[in-house]
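Data block below; observations after.
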There are 2 protein chains.
Amino acid sequence: MNATHQDLTRNQTLVLDTLAKADGPLSAYTILDRLRGDGFRAPLQVYRALEKLLGFGLVHRLESLNAFVACAHPHCHAHGLIAFAICEDCGQVDEFSDAVVRERLGAWSAENGFKAEKPIEIRGHCANCAAA
Amino acid sequence: MNATHQDLTRNQTLVLDTLAKADGPLSAYTILDRLRGDGFRAPLQVYRALEKLLGFGLVHRLESLNAFVACAHPHCHAHGLIAFAICEDCGQVDEFSDAVVRERLGAWSAENGFKAEKPIEIRGHCANCAAA
DNA sequence: CCCGACATGTAATGATATTACATTGCGAAG
DNA sequence: CTTCGCAATGTAATATCATTACATGTCGGG
């Protein structure tokens, strides 16, 4: 396991590069449109590549946006619970991993027998947009 | 503002009652199907009612599931940041509001100028499903 | 009575995601 | 070398979630 970038197939590489070049989250259909010049024709080509990339930890899915982003820390696969701060005004997404939030959610999990698995998405307003 | 239950229209009442009776989150189209006997015919009837109920704080939207739940604490409208623990195996949803998580996220927000607005959704496995 | 505001009804369409099935490429077993 | 098998890929159709556009109904204040 622990696929390196070199193990990626052509389609996976194209999708990952598209996400890495983007300045924010992209929907699957937006990725599709950007890759039509490279021969992409159907949503499934994108979804299949994303499925693998998610498994490799190279990409995250933002469920609240129905969109995807390249992982901001692709070299440290081991980080546990991460979180995204999503600005609902400008769409900016900030990936972070706060030790105290992690620890505290871990404590809540232990009390309740719940085991967190996926990134947490916090929606609100970033500094810039809150000021405006 | 602060509409009471009595201010609800017929459609809003039907939708809220459907969610309240359900034992878990429902999609808008599931609600629609359950209300066909009451004259509902189009998705918009459901979405419009949900829009109001969300505004009243009587219903929450689970963005990661594209589904909706009745608020577990409809009488205390003032609670700040709440969270849902969503089991990805059985679909059970646990609404809670942990003071330390709230406080800590507040601190992160202050450091980063980010202002959280919406409930947080934590996905993972509940005690029962983790055991299995 | 008439108007305005808001709730409702209906149809069409857009946006996101999956299922089903055919085809291709390529390494390993024989 | 050939054949088998597996994973990736290609293509079409369809399922699921959400919104736009426009028409109609209801009800209280002027």
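Throughout, protein chains are lettered first and strands after them, A, B, ... in sequence-line order, and every chain is numbered starting at 1.
The nearest whole Å value for the distance from the CG atom in Leu32(B) to the C1' atom in dG9(C) is 13 Å. Computed from coordinates, the Arg10(A) CZ to dA8(D) C1' distance equals 13 Å when rounded to whole Å. Taking atom CG of residue Asp38(B) and atom C1' of nucleotide dT8(C), one finds them 15 Å apart after rounding to whole Å. What separates CG of Leu14(B) from P of dA7(C) is a distance of 16 Å, to the nearest Å. Atom-to-atom, CZ of Phe56(A) to C1' of dA7(D) comes out at 12 Å; the value is rounded to the nearest Å. Regarding Phe40(A), its CZ atom lies at a distance of 11 Å from the C1' atom of dA8(D), rounded to whole Å. If you take CD of Glu51(A) and P of dA7(D), they are 13 Å apart, rounded to a whole angstrom. When rounded to the nearest whole Å, the span between CG of Leu35(B) and P of dG9(C) equals 11 Å.
Between dT8(C) and Thr9(B), a contact under 4.0 Å exists linking OP1 or OP2 to a side-chain N or O. Put simply, Arg41(B) has a side-chain N or O that comes within less than 4.0 Å of OP1 or OP2 on dT10(C). Remark: Gln45(B) is in phosphate contact with dG9(C), judged by side-chain N or O atoms under 4.0 Å from OP1 or OP2.
A centroid separation of 6.0 Å or more is found between the aromatic rings of His125(A) and Phe114(B).
Using a 4.0 Å cut-off between a side-chain N of Lys or Arg and a carboxylate O of Asp or Glu, Glu117(A) and Lys115(A) qualify as a salt bridge. A salt bridge links Glu121(A) with Arg123(B): at least one charged nitrogen is closer than 4.0 Å to a carboxylate oxygen.
An end-to-end axis angle of 10° holds for the helix from dC1(C)-dG30(D) to dG30(C)-dC1(D), taken from five base pairs per end and rounded to 10°.
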Contact state string [nucleotides 15-27 of chain C, B base, S sugar-phosphate only, - no protein heavy atom under 4.0 Å]: -BBBBB-------

ring-ring contact (aromatic ring centres under 6.0 Å, His included) assessment of Phe68(A) paired with His60(A): CA-CA 6 Å; Phe68(A) 303 84; His60(A) 298 293; over 10 Å; no

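Nearest heavy-atom pair across Ala70(A) and Leu19(A) is N-CB, 4.0 Å.
In terms of modelled atom types and a separation under 3.5 Å, the side chain of Thr30(B) and the main chain of Leu26(B) share no donor-acceptor contact. Under the 3.5 Å distance criterion, the side-chain polar atoms of Thr13(B) are matched with a main-chain donor or acceptor of Thr9(B). Using modelled atom types, no side-chain atom of Gln12(A) and backbone atom of Ala49(A) make a donor-acceptor pair closer than 3.5 Å.
Partners of Phe96(A) by ring-ring contact (aromatic ring centres under 6.0 Å, His included), not counting sequence neighbours, listed by chain and number: Trp108(B).
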